[in-house]
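For the single chain, residues carry numbers from 1 onward in sequence order.
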Amino acid sequence: MFDTVVIATDGSESASRAVDVALDVATKFDADVHALYVVDRGDVAASPDELRKDLVDALESAAEDALEDVSERSGRSVTTAVRNGRPGAEITQYVTEVDADVVALGTRGRHGDHGFVLGSVAEAVVRRCDRPVLTVRQLDAAETEAQSV
């Protein structure tokens, strides 16, 4: 049913849970795995000129770390990609380009608690993507504690 799984990650805690779930799906279906990190141009453009290079370097380093984490946890070959742009649009475009059967992502990322149920990136992907979207909710502290008991 699923031959290609795309995991959109930003290295956050909610993305980490999505990685676990997506890798489980990929294993069950013996699917190819793609891991994608999108550097948000808005974050770079909004930064002061004198900090832009440092910010770009930090974001590229974060991308490498997040994609390496997916590859290490996978135990299988993972195709990785870094894109620059608006995350929702870039994720949707990548999914179409690789003809993925499903895309997985966390529902809350680095942008924190801003009152949305899904988070802006997850919502954009759910609304735009013509493939199944697997969203994995970030657990709150009490839920995390309960799981570890």
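Val103 has its side chain out of reach of Leu134: every pair of non-hydrogen atoms, C-beta onward, lies at least 4.5 Å apart. Side-chain contact between Ile91 and Cys129 is absent, with no heavy atoms from C-beta onward closer than 4.5 Å. At a threshold of 4.5 Å between non-hydrogen side-chain atoms, the residues Leu59 and Val44 count as touching.
A distance-only check finds a donor-acceptor pair linking the side chain of Asp101 to the backbone of Thr4 [under 3.5 Å]. With Thr92 contributing its side chain and Gly88 its backbone, the two residues share a donor-acceptor pair below 3.5 Å. Using a distance-only test at 3.5 Å, with no hydrogens or angles considered, a donor-acceptor pair links the side chain of Arg52 to the main chain of Ser47.
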ask   = Val102 and Val133: side chain to side chain contact (heavy atoms under 4.5 Å, CB included), yes or no, with the steps?
value = CA-CA 6 Å; Val102 64; Val133 179; over 6 Å; no

request  = List the steps and the verdict of side chain to side chain contact (heavy atoms under 4.5 Å, CB included) for Val25 and Leu23.
outcome  = CA-CA 5 Å; Val25 168; Leu23 289 175; over 6 Å; no

request  = Evaluate the criterion side chain to side chain contact (heavy atoms under 4.5 Å, CB included) for residue pair Val6 and Val98; output intermediate values, then yes/no.
outcome  = CA-CA 9 Å; Val6 171; Val98 301; 3.8 Å; yes

task = May I have the step-by-step check of side chain to side chain contact (heavy atoms under 4.5 Å, CB included) for Val33 and Arg76, ending in yes or no?
result = CA-CA 8 Å; Val33 177; Arg76 58 181 24 204; 3.7 Å; yes

key: Audit row: Ser16, Arg73, side-chain hydrogen bond (donor to acceptor under 3.5 Å, both in side chains) steps and yes/no   = CA-CA 10 Å; Ser16 180; Arg73 290 163 60 186; 3.2 Å; yes

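The minimum heavy-atom distance linking Phe2 with Ala31 is given by the pair O-CB, 3.3 Å. Closest heavy-atom contact between Ala18 and Gly106: CB-N, 3.5 Å. Taking both residues in full, the closest heavy atoms of Ala22 and Ile7 are given as CB-CG1, 3.5 Å, listed atom of the first, atom of the second, then distance. What you find for Leu105 and Ala122 is that their closest heavy atoms are CD1-CA, 3.7 Å.
Comment: Glu123 engages Arg127 in a salt bridge, judged by a side-chain N to carboxylate O separation of less than 4.0 angstrom. Between Asp99 and Arg131 there is a salt bridge, with a side-chain nitrogen of the basic residue lying less than 4.0 Å from a carboxylate oxygen of the acidic one.
Val70 and Val136 fall within a single hydrophobic cluster, where Ile, Leu, Val, Met, Phe, Trp and Tyr side chains are chained together by heavy-atom contacts under 4.5 Å. Under a hydrophobic-cluster definition in which Ile, Leu, Val, Met, Phe, Trp and Tyr are linked whenever side-chain heavy atoms come within less than 4.5 Å, directly or via other members, Val19 and Val82 are assigned to different clusters. The hydrophobic clustering, which links ILVMFWY residues whose side-chain heavy atoms are closer than 4.5 Å, places Phe29 and Val21 together.
Rounding to the nearest 0.5 Å places OH of Tyr37 at 6.0 Å from CG of Asp10. Separation of atoms CG (Asp3) and CG (Asp32) is listed at 7.5 Å; rounding is to 0.5 Å. Rounding to the nearest 0.5 Å places OG1 of Thr96 at 12.0 Å from CZ of Arg128. Taking CG from Asp65 and CD from Glu72, the interatomic distance works out to 9.5 Å, rounded to the nearest 0.5 Å. In this structure, CD in Glu64 is found 13.5 Å from CG in Asp69, a value given to the nearest 0.5 Å.
Partners of Asp57 by side chain to side chain donor-acceptor pair (under 3.5 Å), not counting sequence neighbours, listed by chain and number: Lys53.
Among residue pairs with one or both ends in residues 77-87, those qualifying as side chain to side chain donor-acceptor pair (under 3.5 Å) are Arg83-Glu97; sequence neighbours excluded.
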